[in-house]
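Below, chains carry the letters A, B, ... as their sequence lines are ordered, and counting in each starts from 1.
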Amino acid sequence: NAGVTQTPKFQVLKTGQSMTLQCAQDMNHNSMYWYRQDPGMGLRLIYYSASEGTTDKGEVPNGYNVSRLNKREFSLRLESAAPSQTSVYFCASSGTSGRFDTGELFFGEGSRLTVL
Amino acid sequence: AQSVAQPEDQVNVAEGNPLTVKCTYSVSGNPYLFWYVQYPNRGLQFLLKYITGDNLVKGSYGFEAEFNKSQTSFHLKKPSALVSDSALYFCAAGGGTALIFGKGTTLSVSS
């Protein structure tokens, strides 16, 4: 059971380039999330998808777009990368739908992105 | 604004001693509270959660957490620390449709 799988694990981009981070979960979870982790700032929510077909902005959505391709997959796209987007990105899923309640989050291993 | 605070960037303890990692929250209503642990170059792993009921919650690897509603705190504890407990610990609160995380506390256990 793979859980939450993220690709790529590492990526270096130049300013202005675009890329997509892929995330897939095999736990039949309804909700999926993208967080970024920066030193001293903890995890900040970028976007989330409470169920297939819906997406909503989190705390720091600017510069990002997401697609909930199906129940398993939730991708994060950087259209024009900036150095401020250098970070570690985590995808997560939870078994609740609609309003978040008691479900715990299951995290991927992270994607380390550097923008030069 | 809703928030979760972890007032200590780092906690240092000797192996075998008790440990406490502090967390306070400012979230409306009765939030669900969580602790996660992160080992180097890994994703976060769930440790324990409080929803309702007994104020002392037991979780994985011998960890427990004490909920105090009047102080809006949810401190992580362990009676006897292990070197292998050294990691980054995050407190989180369910503040709506997604978790709000604290900034994390690095726990260092020396032998």
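Between B:Phe34 and B:Tyr50, the distance from one ring center to the other does not fall under 6.0 angstrom. Checked against a 6.0 Å centroid threshold, the rings of B:Phe63 and B:Tyr89 count as neighbours.
Of the atoms belonging to A:Arg44, not a single heavy atom falls under 4.5 Å from chain B. Contact annotation for A:Tyr35: only side-chain heavy atoms (C-beta onward) come within less than 4.5 Å of a heavy atom of chain B. Heavy atoms closer than 4.5 Å to chain A are found in both the backbone and the side chain of B:Asn41. Proximity to chain A is absent for every atom of B:Gln6, based on heavy atoms less than 4.5 angstrom apart. At a 4.5 Å heavy-atom cutoff, the contact between A:Gln37 and chain B is made by side-chain atoms alone.
For the set A:Gly42, A:Ala92, A:Gly108, A:Gly110, the count of heavy-atom pairs under 4.5 angstrom toward chain B peaks at A:Gly42.
Of the residues B:Lys58, B:Lys78, B:Lys77, the one that meets the salt bridge (Lys or Arg N to Asp or Glu O under 4.0 Å) test with B:Glu64 is B:Lys58.
Applying the salt bridge (charged side-chain N to carboxylate O under 4.0 Å, His left out) test to B:Lys103 and every residue at least two apart in sequence or in another chain returns nothing.
Hydrophobic clustering (ILVMFWY, side-chain heavy atoms < 4.5 Å, transitive): A:Leu43 and A:Tyr89 are in distinct clusters.
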